[in-house]
Amino acid sequence: MLFAALRLNMKLKEKDEADPRTENNTKEGIKKEKKPKKEEAEHPVTTKKKSKEEIEAAKALKIKKKEEEEQQRWRWWEEDKYEDGVKWKFLEHRGPFFPPEYQHLPDNVNFYYNGKVVKLGLAAEEVALFFAQMLDHEYTTKDVFRNNFFKDWRKEMTLEERVLISDLNKCDFQELHTMHKEKVEARKAMSKEEKLVMKEANQKIVEEYGFCILDHHRERIGNFKIEPPGLFRGRGEHPKQGMLKKRIQSEHEWLPPAGHHWKEVRHDNTVTWLASWTENVQGSCKYVMLNPSSKLKGEKDWEKYEVARRLKSCVNGIRQQYQQDIKSKQMETRQRAVALYFIDKLALRAGNEKEEGETADTVGCCSLRVEHITLHDLLEDKECVVEFDFLGKDCIRYYNKVPVTKRVFKNLTLFMKNKEPGDDLFDRLNTCLLNKHLSSLLPGLTAKVFRTFNASITLQEQLLSPSPTSNIKKLLSYNRANRAVAVLCNHQRVPPKTFDQSMANLQSKIDGRREQLALAKSELKLAKKEVKAHSSDSKLQAVVERKKKAVQRCEEQLMKMEVQATNREENKQIALGTSKLNYLDPRISVAWCKNMEVPLDKIYNKSQRDKFAWAVDMTGADFIF
DNA sequence: CAAAATACTTAGAAACCAACGT
DNA sequence: ACGTTGGTTTCTAAGTATTTTG
């Protein structure tokens, strides 16, 4: 099998002159934190004082490294941009990293068919193991998954194997499954030293394949590892779930990666990917691209928020216009207006058409069908309510009851007239038409800009509400604002399996702390009485002070836990990460931190700070979205 | 024009890992 | 020292939007 385009840039001259800073870059990051630990491990018997010193030293080292890192950071946002379309002038990388070839199972691990041992050939065995590894997963109980798997598995079999193995239900993968589980256990149980060896080996791969040089700067690659073969895991009721996702090969499978021949080596600097291949299940293209912290991604991200801000300045006019358009004589215009009303008001996705039978049945705004909404003249004391119920991206259910204007309501009634449940609600509209209209209103405006804009403006408005005093409560208020956005964008998650348990654990901790607090309070009272009785004995006075502090500490801890409980409960089914990473202009958050005097690392972890380095650097407390 | 191909962003699940309490 | 827990990272599917093709 061939695989598509890898691009390599061979400007060796420039490479030799590569920026010396890139050399230092390799030493930062992952390696950094390891050193002090290693030393500790080597001298396990140290006095407390010494270890304290060591901790201090480690801290100082950390700060120093941080500063160094900051100095080395490529401040691309201060540079001039390239002419249109050009993404880079110099690019060099090692090509993607290929997963290891499959090795035969040990002889004592057997696959059984119809109760008898069957020694499978390499190809069939590899695919059998994919299935065996997933035996604990719900996927393997689903008919569609099983059928697709079996069909594709048989394609990998030799003629003999295919003749023999005709019924999946007669296949026994148990030994393979057990072996796999044991392997996982063994990995977990490895000693510290063994784990370190593994870690270092991985780091070596990252060092070698995980970076590229782009215009003299060393940039992290996002997915430099080629996806290993496996069984396709589509979301929801995906018709292709269980199909075999084949191994990607560059050209001659027997060649070691260093000797790979590429289908094509392209030199195209109007594009941001480093390598690409065609995936066999859906026939789509996959790309190796840079990390979110890279210039290429960051610049695009920045631009995205700038377009959203431009929308902010003209959104009133656009809203007025679509309200007008709802009255248009043109059906297409009316449908477009109502769709836009939904996209703006409810932050729905655009809703491209999808090929039927190729993917799970999900919809967005333009692809809504009659069956996805129910109209209520009156519902729960509200007039003109639209009840939405459909599966959106990733088969996440969107359920919402929304009061709309009379005009919108009337139009929806009209759009639904004489239609079957399976018919398109907006039969005259698609995303292409909608986006064409939008870009005529504002260059760069598309349907998804409304999501970005509404998400960011919501965060900004929510953060305006009166600010609490303690840091912990400030953070709760930030999380609540973040949550409001996640709700708007319908970012959901399945509650973790351990949710109820961990909630109960936290609650019992809170109860325990409450008792402790009560105790501390009564002790304080007692101590105060003592002081009164013995007219200000300085020793007793000190005891009172101590008790006071204990009460205070207890109160603080209790509050902290209570806030944590509230936060966790409110987060049960809501995922905050997606909006934080993709929809909220980071400058809003950076400015908030500055205004509130909250350290930035309380709201952004390391990779988030890296991704938003441009915003962290350029944003003052006065930023307004 | 519509369909297909391409390129890039957005998404939740799962794997991983470090800190924490016992 | 050790298992649990929750945050972080990785993985890759599933979208959006534009460009190319027929």
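A, B, ... follow the sequence lines: proteins, then strands. Residue 1 opens every chain. Here the structure is a predicted model, which means the values were calculated and not measured.
With salt bridges taken as basic N to acidic carboxylate O contacts below 4.0 Å, one links A/R247 and A/E126. A salt bridge links A/E208 to A/R94: one of the charged nitrogens lies within less than 4.0 Å of a carboxylate oxygen.
Qualifying ring-ring contact (aromatic ring centres under 6.0 Å, His included) partners for A/Y604, counting only residues two or more places apart in sequence or in other chains: A/F612. Considering only residues two or more places apart in sequence or on other chains, A/F145 meets the ring-ring contact (aromatic ring centres under 6.0 Å, His included) condition with A/Y139. With sequence neighbours excluded, no residue forms a side-chain hydrogen bond (donor to acceptor under 3.5 Å, both in side chains) with A/Y341.
For the pair A/E355 and A/N582, both in contact range of DNA chain B, the more 5′-proximal nearest nucleotide belongs to A/E355. Comparing A/K87 and A/V494 against DNA chain B, the residue whose closest nucleotide sits nearer the 5' end is A/K87.
Looking at A/N291, its side chain never comes within 3.5 Å of a backbone N or O of A/E219 through a donor-acceptor pair. In this structure, A/S367 contributes its side chain and A/V363 its backbone to no donor-acceptor pair below 3.5 Å. Here the side chain of A/K183 pairs no donor or acceptor atom with the backbone of A/T178 at under 3.5 angstrom. The backbone N or O of A/P239 lies less than 3.5 Å from a partner atom in the side chain of A/N148, making a donor-acceptor pair. Between the side chain of A/N490 and the backbone N or O of A/R397 there is at least one donor-acceptor pair closer than 3.5 Å.
We find that CD of A/E299 is positioned 13 Å from P of B/dC8, with the value rounded to whole Å. What separates CG of A/L581 from C1' of B/dC8 is a distance of 15 Å, to the nearest Å. A straight line from CD of A/E185 to P of C/dG3 spans 11 Å, rounded to a whole angstrom. In this structure, A/I396 places its CD1 atom 13 Å from C1' of B/dT10, rounding to the nearest Å. A/R609 has its CZ atom 12 Å from the C1' atom of C/dT8, to the nearest Å. As a whole-Å value, the separation of A/K183 NZ from B/dC16 P is 14 Å. Rounded to an integer number of Å, the gap from A/K572 NZ to C/dG6 P is 14 Å. As a whole-Å value, the separation of A/I221 CD1 from C/dT10 P is 13 Å.
For the pair A/N490 and B/dA11, the criterion of a side-chain N or O lying under 4.0 Å from OP1 or OP2 is not met. Note on A/H137: every side-chain N or O is 4.0 Å or more away from OP1 and OP2 of B/dA13. Regarding contacts with the backbone of B/dA18, a side-chain N or O of A/K199 is found under 4.0 angstrom from either OP1 or OP2. Between A/Y287 and B/dA7 there is a side-chain N or O to OP1 or OP2 distance below 4.0 Å. For B/dA5, neither phosphate oxygen OP1 nor OP2 lies less than 4.0 angstrom from any side-chain nitrogen or oxygen of A/S284. The phosphate of C/dT9 (OP1 or OP2) has a side-chain N or O of A/S607 nearer than 4.0 angstrom.
Within residues 300-307 of chain A, the residues that have a heavy atom under 4.0 Å from DNA chain B are, in order of number, A/K300, A/K304.
For the residue pair A/S276/A/K286, the side-chain donor-acceptor check at 3.5 Å is not satisfied.
Aromatic ring centroids of A/H93 and A/W88 lie 6.0 Å or more apart.
Of the candidates C/dT9, B/dT9, B/dA13, the closest approach to any side-chain atom of A/K297 belongs to B/dT9.
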Going through the checks in order, is the side-chain hydrogen bond (donor to acceptor under 3.5 Å, both in side chains) test met by A/Y287 and A/T272?
CA-CA 9 Å; A/Y287 302 89; A/T272 68; over 6 Å; no

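Within the 4.0 angstrom heavy-atom criterion, no nucleotide atom of any strand lies near A/K240.
With the end axes of the helix from B/dC1-C/dG22 to B/dT22-C/dA1 each set by five pairs, the angle from one to the other reads 0° at 10° resolution.
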Find every protein N or O atom lying less than 3.5 Å from an N or O atom of nucleotides 12-16 of chain C, and list the pairs.
residue: C/dA13; atom: OP1; partner: A/K245; partner atom: NZ; Å: 3.2
residue: C/dA13; atom: OP2; partner: A/K286; partner atom: NZ; Å: 2.3
residue: C/dA14; atom: OP1; partner: A/R235; partner atom: N; Å: 2.7
residue: C/dA14; atom: OP1; partner: A/H238; partner atom: ND1; Å: 3.3
residue: C/dA14; atom: OP2; partner: A/Q282; partner atom: NE2; Å: 3.3
residue: C/dG15; atom: OP1; partner: A/T362; partner atom: OG1; Å: 2.8
residue: C/dG15; atom: OP1; partner: A/D394; partner atom: N; Å: 3.2
residue: C/dG15; atom: OP2; partner: A/K354; partner atom: NZ; Å: 2.9
residue: C/dT16; atom: OP1; partner: A/A350; partner atom: N; Å: 3.3
residue: C/dT16; atom: OP1; partner: A/G351; partner atom: N; Å: 2.7
residue: C/dT16; atom: OP2; partner: A/N352; partner atom: N; Å: 2.9
residue: C/dT16; atom: OP2; partner: A/N352; partner atom: ND2; Å: 3.4

